[in-house]
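Everything on this sheet refers to the single structure shown next.
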Amino acid sequence: MPELPEVEVVRRGLERLAGQTVSTVEVLTARSVRRHLAGPTDFAARLAGRRLGGARRRGKYLWLPLDDDRIDDGDVLLGHLGMSGQFLVVGSQAPLESHLRVRLGLEPIRTGLELDLRFVDQRTFGGLAITTVTPSAHDGTVVPAPIAHLGVDPLEPTFDSERFSDRLRHRRTGVKRALLDQTLVSGVGNIYADEALWQARLHYARPTETLRRAEVGRLLAAVRSVLQDALGQGGTSFDALYVDVDGQAGYFERALAVYGREDQPCPRCGTPIRRHPFMNRSSYVCPRCQPRPRRARW
DNA sequence: ATCGTAGCCTGGAGGC
DNA sequence: TGCCTCCAGGCTACGA
């Protein structure tokens, strides 16, 4: 389940493609380019012959700037991994993956070294699109137009902690719901939300308007520390669905304190971890470290 | 405007 | 063994 750390691992892997030129484009599953409104044919036509720039990321989105010797119109190749998306850099002769959706052939840098950039996605929640760029509504950074509304992510230098605190405390909802709202802060998903709330000793249903500034500070520090630690381990893998561009899984699952650990002891106090239904999925909490607030907001 | 929910999608796990 | 249901969950569209 790729969240910010997993996407960052993939971004770093894609940086090696900077300067390479796309020679061929095959869209095997039209749904995977559904965000490219002009359709799969236009997608392929606009990508072929373009030179890839260094990979960028905000939250869970990745993009590669596109140009060539004649054109620099600010177009980018924007991608989202969804639940099960993978970007793989493999030799062009490698067997086709069963859920291969989009295949980009790259011009060989030297004879005998033909590489593909492949987008593989079992559940097809992810996808690719060619888009223009525009200033972000939040910090003015130039980003792909479809994500101009997306909040700055907590590992970016332009992330404004005071603004985050103000915006969070003006919400009238539960704190986990707010953490998962990508327009408030991007990059945090269900796994790292639970981990950060546990570290900050906050219950997921704590009403945002009752949070004190110090608690928001604790929460933000926890979010950053959990994301950084996961990044240091190469991300979290529960199955073969999250891998880096070479197909390798991360190791952070071993370090998770609560997520997926129902009935196992809290690493801090030993109380068995509980799983609660939340937004049609699950929240994992330590009932002792994270007591349910008297007034709860889901 | 803000908040909350349904639906998209596939394969693995577990029950019968 | 095989069929069925449930579950995973990021994001968008839509309704209240």
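Naming: A, B, ... by sequence-line order, numbering from 1 per chain.
- Side-chain N/O atoms of A:Y284 and A:Q290 include no donor and acceptor closer than 3.5 Å.
- Close to B:dT10, at under 4.0 Å from its OP1 or OP2, lies no side-chain N or O of A:T124.
- For A:R123, whose side chain is taken as the heavy atoms from C-beta onward, the closest listed nucleotide among B:dC3, B:dC8, C:dA8 is C:dA8.
- Note on ring orientation: taking the six-membered ring where Trp is involved, the planes of A:F87 and A:F119 are tilted (angle from 30° to 60°).
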**OP:** Classify every nucleotide of nucleotides 11-16 of chain C by which part a protein heavy atom approaches to under 4.0 Å, writing B for the base, S for the sugar-phosphate alone and - for neither, in 5'-to-3' order.
**Re:** SS----
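- In this structure, A:R101 places its CZ atom 13 Å from C1' of B:dC8, rounding to the nearest Å.
- In this entry the distance linking CZ of A:R177 with P of C:dG10 reads 13 Å, nearest Å.
- With A:R103 contributing its side chain and A:S92 its backbone, the two residues share a donor-acceptor pair below 3.5 Å.
- Between A:R171 and A:N280, it is A:R171 whose nearest contact on DNA chain B lies nearer the 5' terminus.
- Remark: A:R11 fails to qualify as a cation-pi partner of A:W63 under the 6.0 Å distance and 45° angle criteria applied to the six-membered ring.
- As a whole-Å value, the separation of A:D181 CG from C:dG10 P is 13 Å.
- Rounding to whole angstrom units, CG of residue A:L184 and P of B:dG4 are separated by 14 Å.
- Distances shown here put every side-chain N or O of A:R172 at or beyond 4.0 Å from the OP1 or OP2 atom of B:dC3.
- Phosphate proximity of B:dG4 to A:T173: present, with a side-chain N or O under 4.0 Å from OP1 or OP2.
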Original post:
Please walk me through it: do A:E262 and A:R274 pass salt bridge (charged side-chain N to carboxylate O under 4.0 Å, His left out)?
Top reply: CA-CA 5 Å; A:E262 185 176 18; A:R274 293 278 166 71; over 6 Å; no
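- Between the side chains of A:H276 and A:Y204, at least one donor N or O sits under 3.5 Å from an acceptor N or O.
- Direction change of the helix axis from one end of the helix from B:dT2-C:dA16 to B:dC16-C:dG2 to the other is 50°, with five pairs defining each end axis (rounded to 10°).
- Between the P atom of B:dG4 and the CZ atom of A:F278 lies a distance of 9 Å, rounded to the nearest Å.
- In this model, the phosphate group of B:dG11 is approached by a side-chain N or O of A:H99 to a distance below 4.0 Å at OP1 or OP2.
- The residue A:R31 sits close only to the backbone: its heavy atoms come under 4.0 Å of sugar-phosphate atoms, none of a base.
- With hydrogens and angles left out, the side-chain atoms of A:S186 and A:D153 include no donor and acceptor closer than 3.5 Å.
- Nucleotide B:dC3 holds its C1' atom 17 Å from the NE2 atom of A:H170, rounded to whole Å.
- Screening A:R167, A:R171, A:R295 against A:E209 for a salt bridge (charged side-chain N to carboxylate O under 4.0 Å, His left out) leaves a single residue, A:R295.
- Judged purely by distance below 3.5 Å, without hydrogens or angles, the side chains of A:T124 and A:R31 pair a donor atom with an acceptor atom.
- Remark: the A:R51 side chain and the A:T21 side chain contain no N/O donor-acceptor pair separated by less than 3.5 Å.
- In this structure, A:E262 atom CD and C:dC7 atom C1' are separated by 13 Å, rounded to whole Å.
- C:dC6 atom P lies 14 Å from atom CZ of A:R275, rounded to whole Å.
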